[in-house]
Amino acid sequence: MDLSSWFEFTVYDAIFLVIVLGFFFYWLTRKEQPLPTPPKEVAPLPMTDMTIEELRKYDGVKNEHILFGLNGTIYDVTRGKGFYGPGKAYGTLAGHDATRALGTMDQNAVSTEWDDHTGLSADEQETANEWETQFKFKYLTVGRLVRNSSEKANYGDRKSFVRGAESLDSIINGGNEEHKKDN
């Protein structure tokens, strides 16, 4: 093999060179694309307990907030509107008690009236509990789903928040668990 074979220029070399120069030219002349604008943040709702009738207006259509009940707690899932918004995968849950639907993994089982969740098997209740574990660390807690207005608690001026492991009873009682035991 002589030195001249190293410097031969073939068709493959020409194609490779054109491709490399093309990418280099593109890199030099490209324009920075602006980042997409983040979704509009919706102000958190004040904490409040709701009846099923009050909850229905928070379906993402009648109100920009998307709420649903799960195991007696109301969650604001507005930031997940790609999943829970109108026409989306879990859109039928918005504005309803979703415990039975999520527990049975059947969106047609969503409750439009008060549901005390009797008839759910232990496995179905466990599935609903697993969903709730995820929600309380991810979405804002608005309050409790109550049967009638007389059961509503007073949260003062408190805004909805991601509660994590904090219980709603401790919030209602002002963090005083002894009050709960005395009653």
Side-chain angles (χ1 to χ4, degrees), residues 32-117 120 123-149 151-175 177:
E32 290 293 323
Q33 296 292 327
L35 294 173
T37 57
K40 183 180 96 174
E41 287 292 320
V42 179
L45 291 169
M47 285 197 70
T48 183
D49 294 342
M50 295 183 195
T51 63
I52 289 286
E53 293 77 28
E54 294 168 328
L55 182 62
R56 280 198 197 116
K57 70 180 177 182
Y58 295 98
D59 61 359
V61 175
K62 300 174 193 146
N63 191 303
E64 65 183 336
H65 286 277
I66 302 171
L67 308 180
F68 66 73
L70 179 60
N71 286 338
T73 302
I74 300 171
Y75 293 97
D76 185 342
V77 296
T78 306
R79 62 182 261 214
K81 65 182 168 189
F83 295 105
Y84 306 106
K88 302 300 180 185
Y90 294 98
T92 57
L93 306 179
H96 295 89
D97 180 357
T99 306
R100 189 171 298 277
L102 291 173
T104 61
M105 299 304 289
D106 177 12
Q107 290 189 43
N108 295 326
V110 71
S111 298
T112 57
E113 297 178 2
W114 175 257
D115 184 1
D116 60 4
H117 312 130
L120 285 177
D123 287 342
E124 291 168 342
Q125 187 60 52
E126 181 61 29
T127 301
N129 292 343
E130 289 170 4
W131 278 96
E132 184 176 26
T133 300
Q134 294 175 24
F135 285 136
K136 68 183 175 181
F137 285 96
K138 186 174 184 179
Y139 295 114
L140 299 173
T141 299
V142 176
R144 296 177 305 152
L145 188 60
V146 295
R147 179 172 269 193
N148 56 51
S149 296
E151 298 174 14
K152 290 184 176 183
N154 181 7
Y155 297 99
D157 294 333
R158 190 166 187 161
K159 296 284 186 195
S160 54
F161 68 104
V162 177
R163 70 182 167 118
E166 190 174 3
S167 76
L168 275 178
D169 289 333
S170 69
I171 296 164
I172 293 168
N173 298 327
E177 289 296 320

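Taking CE of M47 as the reference point, atom CG of N154 lies at 11.0 Å (rounded to 0.5 Å). Between the OG1 atom in T51 and the CG atom in L145 there is a gap of 8.0 Å [rounded to 0.5 Å]. With values rounded to the nearest 0.5 angstrom, T73 atom OG1 is found 12.5 Å from L67 atom CG. If you take CZ on F161 and CG on L140, they are separated by 9.5 Å, rounding to the nearest 0.5 Å.
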ask   = How far apart are the C-alpha atoms of D97 and V110, what are their side-chain angles, what is the distance that settles it, and do they pass the side chain to side chain contact (heavy atoms under 4.5 Å, CB included) test?
value = CA-CA 6 Å; D97 180 357; V110 71; over 6 Å; no
ask   = Are R147 and E113 close enough, and set up right, to give a salt bridge (Lys or Arg N to Asp or Glu O under 4.0 Å), and what steps lead you there?
value = CA-CA 9 Å; R147 179 172 269 193; E113 297 178 2; over 6 Å; no
key: Stepwise side chain to side chain contact (heavy atoms under 4.5 Å, CB included) test for Q125 and E130   = CA-CA 9 Å; Q125 187 60 52; E130 289 170 4; over 6 Å; no
Chi angles and distances behind the side chain to side chain contact (heavy atoms under 4.5 Å, CB included) call for K138, Y75 = CA-CA 10 Å; K138 186 174 184 179; Y75 293 97; over 6 Å; no
key: Test log, rule side chain to side chain contact (heavy atoms under 4.5 Å, CB included), inputs L70 and W131   = CA-CA 8 Å; L70 179 60; W131 278 96; 3.9 Å; yes
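The only option from D59, I66, V77, L102 that meets the side-chain contact (heavy atoms from CB on, under 4.5 Å) definition with L93 turns out to be L102.
Nearest approach of K57 to N63, heavy atoms of both residues: O-CB, 3.2 Å. Taking every heavy atom of both residues into account, R144 and D49 meet most closely at N-OD1, 2.8 Å. In this structure, T141 and S160 approach most closely via the heavy-atom pair O-CB, 3.1 Å. Nearest heavy-atom pair, K88 versus K81, reported as atom, atom and distance to 0.1 Å: CG-O, 3.5 Å. The two residues T127 and G103 make their nearest non-hydrogen contact at CB-O, 3.7 Å. Shortest non-hydrogen contact noted between T99 and N71 is OG1-N, 2.7 Å.
For the 3.5 Å distance criterion, the side chains of E124 and T104 fail to qualify, holding no donor opposite an acceptor.
V142 places a side-chain heavy atom less than 4.5 Å from the side chain of M50. Using a 4.5 Å heavy-atom threshold, the side chains of E64 and T78 count as separate.
Counting only residues at least two apart or on different chains, the ring-ring contact (aromatic ring centres under 6.0 Å, His included) pairs with a member in residues 49-74 are F68-Y84, F68-F135.
Although no hydrogens or angles enter the test, the distance criterion places no donor-acceptor pair under 3.5 Å between the side chain of E132 and the main chain of G72.
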